[in-house]
Amino acid sequence: MDEQNLSLRLRGVKKQYRLGLINHQTLQQDLQSWWARRRGRDDPNQRIGTSTDQAGQFFWALDGVDLDIHRGERIGIIGANGAGKSTLLKIICRITAPTEGEIDIWGRVSSMLEVGTGFHREMTGRENIYMNGAILGMSRSEIDACLEDIIDFSELREFIDTPVKRYSSGMFVKLAFSVAAHLQSEIMIMDEVLAVGDMAFQQKCLARMRRAADEENRTVLYVSHNMSTIRQLCDRCIVLDRGRVIFDGDTERAIAAYLDHSLGEHETDMDLNLKSHSRRAVDTGVLMTRLTLTDKITAVYEKGEALRMRLVLRTTKPAPPLLFRLTLRSEADVGLATAWSPAIETDGVGEQIVCLSLPLDNIAKGNFYAGLGVYRSDELGRRIPLDYIRHAFKFEVCGLPIWNTEAHGYMALPPMEAAPAER
């Protein structure tokens with residue numbers, strides 16, 4: 001292997017963490033917990049409802065990762081929550097050290113691992129630019145040379161001399177990305193950072209990362225759960241699962257491998273607690289917990305059949321009439337169609353069972369990913385999301401193709417039917 005063209009080389013990289021032991025907010029709390037355990041007593045700092053059964057066990061966040069990454073590559077890293085993506089990036093950034101294995105890095109690394117990382121909140125935006133440049137080993141004159149480009153790209157010129165503690169999360173992202181993209185580094189690392197920014201700035205960032213790789217020969221590592229941005233940016237994609245690389249290659253094939261691995265093949269009874277729910281700012285009081293595709297051994301349907309679903313919800317407070325949305329996506333994760341249910345009443349607090357049915361007369365032949373969402377209507381008739389799973393299950397339809405699954409946009413399907421709930 002020609003080392004002159006390499007940016008990163010990882011061999012047998014492992015990272016181990018110890019579960020359930022100490023790690024509180026203060027040294028005093030850590031000592032209290034340690035002393036209580038030495039005496040065989042309950043931990044006074046243990047959170048209510050948590051268990052100490054796993055205390056002392058070990059967890060491999062990374063379990064033998066081997067990678068060769070070359071200059072100028074745009075690499076996507078995808079996987080379910082807890083797959084080891086962020087741990088891998090922290091090791092590359094030297095924030096934490098691997099438990100085992102070797103990692104070789106050729107060049108300086110600029111990173112944006114989460115909103116606000118690497119910024120001093122009491123310092124202004126301008127001062128933080130100089131601080132980040134100094135950390136990378138740049139001289140003041142080198143930072144001066146790119147300062148105006150950073151400020152212009154961030155769109156924050158009028159706020160650049162304001163302490164960053166007064167910035168919104170979107171402003172943080174704009175400045176942090178601008179700093180990481182323009183300072184002199186050979187490797188750029190971005191971890192799920194564009195989800196906070198607005199759509200126009202997101203596209204601007206994707207274009208900047210493409211230019212950094214194609215024209216400046218910089219290596220870009222990009223982690224995201226947004227398959228659309230992965231598809232737009234990356235020419236190679238790595239799929240992680242439980243700390244191991246399960247796929248490394250073409251982006252489209254990597255996305256298909258990730259979705260197939262995370263959803264399973266044609267499941268008909270699914271524990272939705274194990275699925276990735278969309279992030280919610282507050283507790284909405286409604287959570288989807290289980291889904292059964294009724295009357296099916298495997299999720300394969302003939303044309304003309306109906307997709308019948310038994311959905312179990314958990315409500316922690318009285319809920320208004322609920323609306324349910326089913327979204328169909330192609331194997332390339334392109335949105336195709338959506339269907340809504342009528343408003344359905346719930347029975348107070350506790351477990352709720354809802355049965356839904358969707359005719360498949362208008363569905364093309366092929367494999368599809370289905371998303372499920374629960375909504376309520378506000379006083380203006382707007383649909384407010386309460387819980388949403390982008391990839392809830394996968395199913396196959398046999399029949400003649402009637403649409404182009406490479407096209408973008410949603411087709412309106414007939415409304416879903418609500419059936420009486422059977423307990």
Side-chain angles (χ1 to χ4, degrees), residues 78-83 225 227 239-242 246-247 255-280 283-302 305-316 319 322-341 344 346 350-360 363 366-375 385-398 413 416-423:
I78 60 179
N81 293 331
H225 289 287
M227 297 301 112
V239 185
L240 290 177
D241 180 64
R242 299 181 183 179
I246 62 171
F247 186 89
I255 292 173
Y258 161 57
L259 294 174
D260 281 345
H261 188 78
S262 61
L263 290 176
E265 282 292 321
H266 302 141
E267 289 182 286
T268 60
D269 189 30
M270 290 144 277
D271 183 355
L272 299 183
N273 294 305
L274 304 178
K275 304 289 183 178
S276 179
H277 295 245
S278 62
R279 296 177 180 174
R280 298 175 296 174
D283 179 15
T284 63
V286 177
L287 183 69
M288 296 181 286
T289 60
R290 192 159 203 90
L291 174 69
T292 304
L293 306 181
T294 55
D295 304 322
K296 301 297 289 186
I297 298 175
T298 182
V300 179
Y301 294 82
E302 296 293 334
E305 283 191 274
L307 178 65
R308 295 186 175 88
M309 297 169 285
R310 182 181 185 271
L311 184 62
V312 180
L313 312 173
R314 184 173 68 246
T315 55
T316 57
L322 300 176
L323 299 163
F324 295 84
R325 181 189 183 195
L326 178 74
T327 304
L328 300 186
R329 312 185 75 84
S330 72
E331 287 192 285
D333 204 33
V334 175
L336 297 173
T338 189
W340 287 90
S341 76
I344 298 174
T346 57
E351 184 179 275
Q352 315 288 332
I353 297 178
V354 175
C355 294
L356 300 167
S357 175
L358 175 70
L360 297 178
I363 307 300
N367 287 283
F368 303 95
Y369 299 107
L372 279 176
V374 186
Y375 297 73
L386 301 176
D387 189 21
Y388 183 70
I389 303 175
R390 182 181 174 89
H391 300 115
F393 63 98
K394 182 180 181 181
F395 69 99
E396 180 180 351
V397 176
C398 304
L413 298 175
M416 291 187 286
E417 300 173 0
E422 297 181 359
R423 295 185 177 272

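Among all heavy-atom pairs drawn from A299 and L293, the shortest one is CB-CD1, 3.7 Å. Between S276 and I389, the shortest heavy-atom contact is O-CG2, 3.8 Å. Heavy atoms only, all atoms of each residue included: M416 and F324 are closest at CE-O, 3.3 Å. Nearest heavy atom pair, residue I255 against residue I78, reads CA-CD1, 4.1 Å. Residue H225 comes nearest to G79 through the heavy atom pair CE1-O, 3.1 Å, listed as atom of the first residue, atom of the second, then distance. Minimum interatomic distance between L323 and S341 (heavy atoms only, all atoms of both residues): CD2-O, 3.5 Å.
From R390, atom CZ reaches atom CG of L372 across 13.5 Å, with rounding to the nearest 0.5 Å. Note that the OG atom of S357 and the CE atom of M309 stand 7.5 Å from one another [nearest 0.5 Å]. The CG atom of L272 lies 10.0 Å from the CZ atom of F393; values are rounded to the nearest 0.5 Å. Rounded to the nearest 0.5 Å, atoms CG (L360) and CG (L307) are 5.5 Å apart. To the nearest 0.5 Å, atom CG of residue L291 and atom NZ of residue K275 are 9.0 Å apart. The CG atom of L328 lies 7.5 Å from the OG1 atom of T338; values are rounded to the nearest 0.5 Å.
A heavy-atom distance below 4.5 Å is found between the side chains of T327 and R329. Counting heavy atoms from C-beta on, the side chains of V354 and T346 never come closer than 4.5 Å. L336 has its side chain out of reach of I363: every pair of non-hydrogen atoms, C-beta onward, lies at least 4.5 Å apart. L356 is not listed as a side-chain neighbour of L326, based on a closest heavy-atom distance of 4.5 Å or more. Contact of the Y301 side chain with the R308 side chain is not registered, since no non-hydrogen atoms from C-beta on lie closer than 4.5 Å.
In this structure, F395 and F368 have tilted ring planes: the angle between them lies in the 30° to 60° band.
Environment of CZ in R290: crowded, with over 12 heavy atoms of neighbouring residues, nucleotides or ligands closer than 6.0 Å.
A donor-acceptor pair shorter than 3.5 Å can be found between the side chains of Q352 and T315. For T292 and D269, the side-chain atoms include at least one donor-acceptor pair closer than 3.5 Å.
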